[in-house]
Structures are given as C-alpha cells and as structure tokens.
> 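Take this structure, written in structure tokens, and hold onto it; I'll ask about it next.
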Amino acid sequence: MALKWYGNQVLAEVQVAKDAILAELAFAIEAEAKVNINRNNQIDTGFMLNSTYTVVTGQRSSFGTARTKAKAKNKKAEMGSEVSAPKDGAVVAVGANYAIYQEVKKSFLYTAGQTVARKSGSIISANKIK
C-alpha cells in the first residue's frame, strides 16, 4: 500500500479559503461601520462615511474609491494616507482625520467589529473547503 501525500495542494486550498474569509469579514466590518455612522447620526457632509475603506493583503483595497467618494462630499476635508494591511491580514480604516474623535464620542468602527465577530460563524461556514 502506498500513501500519496497532497500536502501542498491542501495548504493551497486552505490559503484560498482563509483569504476569502478574511476579505469577507473585513468588508463586512466596513459595511457595518457605515451603517453605524448613519445610525449614530454622525453624518455632516458625508466625508467620514465615504472615507471608510478596507485593505486586504494581496487582494484589493477600496481606498481609491473611498477617497474619490469622500472628496466629492467635501473637497476641503483632509484624508489620511492609505494604510497597509499586515502580512496575511486586513485593515478597515477611516480616512477622515477627525474620525477618531467621532469614534471616541460614539463608537462605530469597534462596534462594527463586535457585530461582525458575532456573525463570523456563518461567514466562515460559507467559505469552508468543500
């Protein structure tokens, strides 16, 4: 009897599933943060709402789209530089330079992370290796 090892193939499939789960979780947090900004009545010009973006290592970033939409809402507002995601990670960020004050006043981003964490099981299950 011979044993055929498919370790590299298995690792590649696990990596693809992990990347899909990570991206879906990050973009779900971005979407939930925007819902929270709206729900918290933290919209003045719409700059902060539209400056919210996600960066997923090796995949995609919504920074360019966020910057364009945010600047369309308020040309004078300042938007920070794009942040980089850690290796094999993701970042959800808010580019508006005053966002931290709004977050401290009434959380929208941390709360979004907590909400998505509670729903993460369904996202993980939907992307499991078949």
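Worth saying up front: this structure is predicted, and the values here are computed from it rather than measured.
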> Taking atom CG of D19 and atom CD of E24, what is their separation to the nearest 0.5 Å?
13.0 Å
> Is there a path of hydrophobic side-chain contacts, each under 4.5 Å between heavy atoms of I, L, V, M, F, W or Y residues, that connects I100 with I43?
yes
> Is S62 reaching over with its side chain to a backbone N or O of Y53, donor-acceptor style, under 3.5 angstrom?
no
> Between Q59 (side chain only) and A23 (backbone N and O only), is there a donor and an acceptor less than 3.5 Å apart?
no
> Taking NZ in K71 as the centre, count heavy atoms belonging to other residues, nucleotides or ligands within less than 6.0 Å. Is the count above 12?
yes
> Does any non-hydrogen side-chain atom of M79 lie less than 4.5 Å from one of F63?
yes
> How long is the straight-line distance from CG of L22 back to OG1 of T54, given to the nearest 0.5 Å?
10.0 Å
> Do V91 and P86 come within less than 4.5 Å of each other through their side chains, counting heavy atoms only?
yes
> Assess whether side chain to side chain contact (heavy atoms under 4.5 Å, CB included) is satisfied between K119 and E32, documenting all intermediate values.
CA-CA 11 Å; K119 299 189 262 186; E32 187 68 27; 3.9 Å; yes
> Can you give me the closest heavy-atom contact between A33 and A112, atom names plus distance?
N-CB, 3.4 Å
> Can you tell me if N36 uses its side chain to pair, donor with acceptor, with the backbone of L109 under 3.5 Å?
no
> Checking S51 side chain against A70 main chain: does a donor-acceptor pair fall under 3.5 Å?
no
> For N97, look at atom CG and say whether over 12 heavy atoms of other residues, nucleotides or ligands are found less than 6.0 Å away.
yes
> Mark yes or no for whether E78, through its side chain, and A96, through its backbone, hold a donor-acceptor pair below 3.5 Å.
no
> Does the side chain of S120 come within less than 4.5 Å of L25's, by heavy atoms?
yes
> Do Q42 side-chain atoms and K106 backbone N/O form a donor-acceptor pair below 3.5 Å?
yes
> With no hydrogens and no angle check, do the side chains of Y110 and Q114 hold a donor and an acceptor under 3.5 Å apart?
yes
> Just by modelled atom types, is the T111 backbone N or O under 3.5 Å from a matching donor or acceptor in the T115 side chain?
yes
> Quick check on the hydrophobic clustering: are V35 and F27 connected, directly or via other members, by side-chain heavy-atom contacts under 4.5 Å?
no
> Are any non-hydrogen side-chain atoms of Q102 and I37 less than 4.5 angstrom apart?
no
> Can you tell me how far the OG1 atom of T45 sits from the NZ atom of K76, to the nearest 0.5 Å?
12.0 Å
> In terms of side-chain heavy atoms, does T52 have a donor or acceptor partner in E30 at a distance below 3.5 Å?
no
> How far does CZ of R67 sit from CG of N50, to the nearest 0.5 angstrom?
14.0 Å
> I need the K34 NZ to I29 CD1 distance, nearest 0.5 Å.
13.5 Å
> Mind checking whether V94 and F108 have side chains closer than 4.5 Å, heavy atoms only?
yes
> So which heavy atom on V56 is nearest to which on A26, and how close?
CG2-CB, 4.4 Å
> How many angstroms lie between OG1 in T68 and NZ in K73, if you round to the nearest 0.5 Å?
13.0 Å
